[in-house]
Amino acid sequence: MRRVHLGKTIYLHDNHGWSSGGFLSNSKVELAINSGSQQQWLTRNCDFNTWMGENWNMVFAGIEEGKSPGNCWPDHPYTDVPVVEAIREKPYLAYDEEKGFGVYLPPLRTEAVGFDWDPGEFIGMEEFYIAKPFEDTAETINAALQSGKHLFLTPGVYQLTEPILVEREGTIVLGAGLATLRSMEGKACVEVKGDARVTLAGILFDAGPKETEYLLQVGDPKAEEQDTDGAGAGTGAGGQAPETMTLLADLFFRAGGAKGYDTDVKCCVKLYQDDITGDNFWVWRADHGSGVGWNNNRAANGILVAGDNVTVYALMVEHFQEYQTIWEGENGKIIFYQCEIPYDVPDQESWQSHDGRVNGFASIKIADEVKVHESWGLGIYLYNRDAEVELHSAVEAPGKAEGVRVHNICTVMITGKPGMSHIINEDGDAVTNGGARAVLVEWSGGQ
């Protein structure tokens with residue numbers, strides 16, 4: 001939920017029934033927020049009177065002092081990140097009595113606390129190409145983008161035989177009604193070229209029937225010989241100011257489970273640009289439902305972050321067959337992370353990393369070369385539905401890099417055995433029984 005004003009109390013559950021997490025941003029609730037049975041939640045830049053409820057991992061970012069429950073791990077699962085360093089809220093469709101329909105593009109906020117409903121710049125719909133799923137192709141969409149138009153994706157499934165190419169600085173691609181881009185011929189759904197600073201929001205990327213390298217790529221892979229030495233906060237390795245950052249908001253990725261064909265995608269999303277802000281990602285491989293299986297819908301990794309100064313608020317990555325998240329860029333930040341390890345691992349022999357020397361694949365792999373990275377409020381859960389397998393560690397991080405820091409991380413063994421042996425590298429308690437939860441409050445490399 002975004003940009004809502006609620007006059008009383010909001011209940012994030014149905015009579016305390018099963019509920020497994022969510023996201024609330026840039027909103028005002030006059031009385032209380034009751035999270036009830038929610039397993040985890042991110043509340044970003046909101047105002048409310050009282051927070052009620054806790055479970056595994058609840059994160060508050062940019063909440064006025066005294067409003068959030070505070071940072072009180074391990075006694076309570078609350079993580080408080082006092083300010084949001086830089087954010088642009090998601091653009092949205094609106095009607096203006098004088099100007100007609102258009103899209104508002106909210107402005108950049110820095111050191112943001114609380115909600116802000118400044119609508120920002122109004123861009124009339126005449127500046128957008130309005131795409132329709134049963135009429136448009138990548139060819140017609142690319143022609144419109146090349147002519148200087150923004151792109152508005154109306155609801156439906158777009159069957160793409162080639163990528164949508166976003167090359168112009170400042171381009172907005174906005175989906176409505178979970179507009180779905182499906183790769184049909186083994187090509188990406190969207191490629192953002194070079195350092196073009198763009199906005200992508202409200203889109204579901206869907207793996208298709210042919211083997212695909214990735215569904216979304218932002219920026220171009222860096223040359224192997226290029227060396228980054230750890231960029232400082234505030235500007236990117238390329239000297240870009242925060243005003244020029246790329247915004248990726250409400251993006252969802254699905255590998256399998258939607259159609260009756262096998263899928264194979266190597267990594268759903270690859271981020272090579274510097275200075276990206278992500279705001280609510282759900283990157284998902286199907287491991288339950290019809291027509292899916294360990295050898296039917298293959299997907300090694302969920303997300304690769306190779307750019308510097310990339311920050312993601314609400315990163316959910318689930319059920320991939322190897323590392324869920326690979327982070328290679330410097331000065332990266334994750335504020336709230338949720339992950340379920342795949343349910344459908346067939347046996348331990350099929351699920352080993354480091355050339356068969358380590359049981360399982362960690363959820364997050366922070367590359368050995370990374371010198372600076374910081375994360376807050378991470379929750380990683382194991383559900384051994386189909387086999388008894390061990391996950392050696394929930395996170396792999398450079399053990400000697402003092403600039404790699406994690407605040408408030410938990411692991412949960414939902415069911416099955418033998419469970420997870422460590423939280424980060426060789427540190428942290430094991431979880432081996434159904435319902436067991438283990439926590440680390442602070443971890444840094446070199447400790």
Side-chain angles (χ1 to χ4, degrees), residues 163 182-183 185-191 204-218 221 251-258 261-272 281-289 291-307 312 315-329 334 337-368 370 380-387 389-397 420:
R182 179 172 294 152
S183 168
E185 294 294 335
K187 306 289 183 63
C189 298
V190 175
E191 293 180 350
L204 194 157
F205 297 80
D206 199 13
K210 294 188 178 181
E211 182 177 325
T212 309
E213 189 68 26
Y214 52 83
L215 302 178
L216 168 66
Q217 180 171 289
V218 179
L251 298 188
F252 310 99
F253 302 82
R254 179 173 57 196
Y261 47 65
D262 292 348
T263 63
D264 190 338
V265 57
K266 302 306 180 187
C267 182
C268 283
V269 53
K270 296 184 175 183
L271 306 181
Y272 291 104
F281 280 26
W282 190 13
V283 191
W284 187 75
R285 171 190 167 265
D287 60 0
H288 46 287
V292 299
W294 189 255
N295 295 312
N296 297 103
N297 57 311
R298 299 194 58 80
N301 310 116
I303 182 170
L304 165 68
V305 179
V312 183
L315 177 58
M316 287 77 80
V317 191
E318 301 191 279
H319 310 304
F320 289 86
Q321 294 172 303
E322 297 182 12
Y323 295 117
Q324 312 292 310
T325 298
I326 302 173
W327 205 290
E328 298 177 352
I334 301 172
Y337 181 81
Q338 182 269 334
C339 175
E340 283 186 351
I341 303 300
Y343 296 177
D344 60 339
V345 177
D347 51 61
Q348 191 74 73
E349 185 178 3
S350 303
W351 195 54
Q352 293 178 319
S353 57
H354 297 274
D355 297 322
R357 293 179 284 109
V358 176
N359 283 338
F361 285 84
S363 175
I364 301 175
K365 169 65 175 179
I366 302 173
D368 296 341
V370 171
I380 296 160
Y381 320 132
L382 181 61
Y383 179 9
N384 285 348
R385 185 192 65 192
D386 294 352
V389 293
E390 182 216 12
L391 174 57
H392 180 76
S393 182
V395 175
E396 291 183 14
M420 279 186 275

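Computed from a predicted structure; not experimentally measured.
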Can you say whether the rings of Trp284 and His288 are parallel (under 30°), tilted (30 to 60°) or perpendicular (over 60°)? perpendicular
Could you tell me which non-hydrogen atom of Cys339 sits nearest to which non-hydrogen atom of Glu318, and how far apart they are? CA-CG, 4.4 Å
Could you label the plane-to-plane angle of the Phe253 and Phe281 rings as parallel, tilted or perpendicular, counting under 30° as parallel and over 60° as perpendicular? tilted
Within a strict 4.5 Å, meaning less than it, do heavy atoms of the Phe361 and Ile341 side chains meet? no
Any side-chain donor-acceptor pair under 3.5 Å between Glu396 and His354? yes
Is it the case that the side chain of Gln321 and the backbone of Trp294 share a donor-acceptor pair, with hydrogens and angles ignored and the cut-off at 3.5 Å? yes
So, Asn301 side chain and Ile303 main chain: donor-acceptor pair closer than 3.5 Å or not? no
Give a yes-or-no answer on whether the side chains of Glu322 and Trp351 include a donor-acceptor pair shorter than 3.5 Å. no
Measuring from Thr212:OG1 to Phe205:CZ, what's the distance to the nearest 0.5 Å? 13.0 Å
Is a side-chain donor-acceptor pair under 3.5 Å present for Gln338 with Tyr381? no
To the nearest 0.5 Å, tell me how far Glu328 CD sits from Lys270 NZ. 9.5 Å
Roughly how far apart are Asn297 CG and Thr263 OG1, rounded to 0.5 Å? 4.5 Å
